[in-house]
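Before any comments, here is the structure.
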Amino acid sequence: QVRLVESGGGLVQAGGSLRLSCAGSGRTGSYYNIGWFRQAPGKEREFVAVLSWVGRITKYANSAKGRFTISRDNDGNTVYLQMNSLKPEDTAVYLCAASVGMSEYPSSYVYWGQGTQVTVSS
């Protein structure tokens, strides 16, 4: 069992930055890849980025490329999502999730956190 806890969300003006954290505990030694997703009210859950355990390979949604950066600390238990140049359309609940693959589909992820709210005002 892997437990994931997100933090770092909040209210920010357009053009601002936030850094989200995803802290893992439990079977983190199983070397899961960690993805970030977001879900706005009335919309489907949307892929944002994913980071592999081995090789630190990254993949981003087009909406995140050039603005967001996913990274991991040295012990591998915390994954970050640095978000710059935020836009009102980035407003959503952001969730991290663990998977053995690098999929963009939520159904491929086994463990999920509860999410952290990000609100970008115009």
Side-chain angles (χ1 to χ4, degrees):
Q1 188 76 14
V2 173
R3 183 168 180 259
L4 302 172
V5 179
E6 302 93 337
S7 62
L11 173 63
V12 64
Q13 288 188 333
S17 299
L18 282 174
R19 189 176 81 158
L20 306 182
S21 299
C22 173
S25 61
R27 291 177 53 194
T28 53
S30 301
Y31 311 124
Y32 288 97
N33 302 326
I34 299 296
W36 282 98
F37 291 78
R38 65 188 184 186
Q39 189 163 18
K43 294 188 176 181
E44 293 188 353
R45 193 162 291 185
E46 176 188 19
F47 169 77
V48 176
V50 62
L51 173 67
S52 70
W53 176 267
V54 177
R56 302 200 180 198
I57 299 169
T58 59
K59 184 166 68 172
Y60 295 92
N62 287 336
S63 60
K65 287 179 182 176
R67 299 189 301 129
F68 296 0
T69 302
I70 189 170
S71 63
R72 191 177 73 226
D73 64 1
N74 289 334
D75 66 13
N77 288 332
T78 302
V79 173
Y80 304 100
L81 184 68
Q82 176 68 44
M83 304 188 297
N84 299 327
S85 302
L86 283 162
K87 307 173 183 179
E89 51 263 44
D90 294 318
T91 295
V93 173
Y94 283 71
L95 308 101
C96 63
S99 172
V100 296
M102 295 282 286
S103 174
E104 299 180 12
Y105 296 98
S107 59
S108 297
Y109 288 75
V110 180
Y111 301 106
W112 289 84
Q114 293 299 309
T116 185
Q117 176 70 45
V118 171
T119 303
V120 184
S121 63
S122 58

Could you state whether Y109 and V93 fall into the same hydrophobic cluster, counting links through intermediate Ile, Leu, Val, Met, Phe, Trp or Tyr residues with side-chain heavy atoms under 4.5 angstrom apart? yes

Go through the steps for L51 and R56 under the test side-chain contact (heavy atoms from CB on, under 4.5 Å), then give the verdict. CA-CA 6 Å; L51 173 67; R56 302 200 180 198; 4.0 Å; yes

Taking distance alone, no hydrogens or angles, what donor-acceptor pairs closer than 3.5 Å link side-chain atoms of residues 37-44 to residues at least two apart or in another chain?
{"unit_1": "R38", "atom_1": "NE", "unit_2": "E46", "atom_2": "OE1", "d": "2.9"}
{"unit_1": "R38", "atom_1": "NH1", "unit_2": "D90", "atom_2": "OD1", "d": "2.8"}
{"unit_1": "R38", "atom_1": "NH1", "unit_2": "Y94", "atom_2": "OH", "d": "3.0"}
{"unit_1": "Q39", "atom_1": "OE1", "unit_2": "R45", "atom_2": "NE", "d": "3.1"}
{"unit_1": "Q39", "atom_1": "OE1", "unit_2": "R45", "atom_2": "NH2", "d": "3.1"}
{"unit_1": "Q39", "atom_1": "NE2", "unit_2": "K43", "atom_2": "O", "d": "3.1"}

Pair up each side-chain donor or acceptor in residues 11-21 with any protein partner under 3.5 Å, not counting sequence neighbours, and list the distances.
{"unit_1": "S17", "atom_1": "OG", "unit_2": "N84", "atom_2": "OD1", "d": "2.9"}

The side chain to side chain contact (heavy atoms under 4.5 Å, CB included) partners of A98 (sequence neighbours excluded) come to L4, Y32, I34, Y111

Over all atoms of both residues, closest heavy-atom pair of T91 and Q117: CG2-NE2, 4.0 Å

OG1-CZ distance between T58 and R72, expressed to the nearest 0.5 angstrom: 11.5 Å

Once you round to the nearest 0.5 Å, how far does CG of L86 lie from OG1 of T119? 11.0 Å

Would you mind listing every disulfide (SG to SG under 2.5 Å) that reaches into residues 45-118, with sequence neighbours excluded? C22-C96

Members sharing Y105's hydrophobic cluster, built from side-chain contacts under 4.5 Å between Ile, Leu, Val, Met, Phe, Trp and Tyr, are none

Keeping Q114 on the side-chain end and E6 on the backbone end, is there a donor-acceptor pair under 3.5 Å? no

Establish whether Y80 and I57 are linked, either directly or via other cluster members, by ILVMFWY side-chain heavy-atom contacts under 4.5 Å. no

Interatomic distance, S99 atom OG to W53 atom CH2 [nearest 0.5 angstrom]: 14.5 Å

Is S85 reaching over with its side chain to a backbone N or O of R67, donor-acceptor style, under 3.5 angstrom? no

Taking side chain to side chain contact (heavy atoms under 4.5 Å, CB included) as the definition, give me every residue that meets it alongside T69, ordered by chain and number, with sequence neighbours left out. Y60, Q82

Can you check whether T116 reaches S7 side chain to side chain, under 4.5 Å on heavy atoms? no

Shared ILVMFWY cluster between W112 and V110, side chains joined below 4.5 angstrom? no

With hydrophobic residues grouped by side-chain heavy-atom distances under 4.5 Å, do V50 and F68 end up in a single group? no

Given 3.5 Å as the limit, does a donor-acceptor pair link the side chain of T78 with the main chain of A23, or not? no

Out of S103, S108, S52, which residue meets the side-chain contact (heavy atoms from CB on, under 4.5 Å) rule with N33? S52

Establish whether F47 and L95 are linked, either directly or via other cluster members, by ILVMFWY side-chain heavy-atom contacts under 4.5 Å. yes

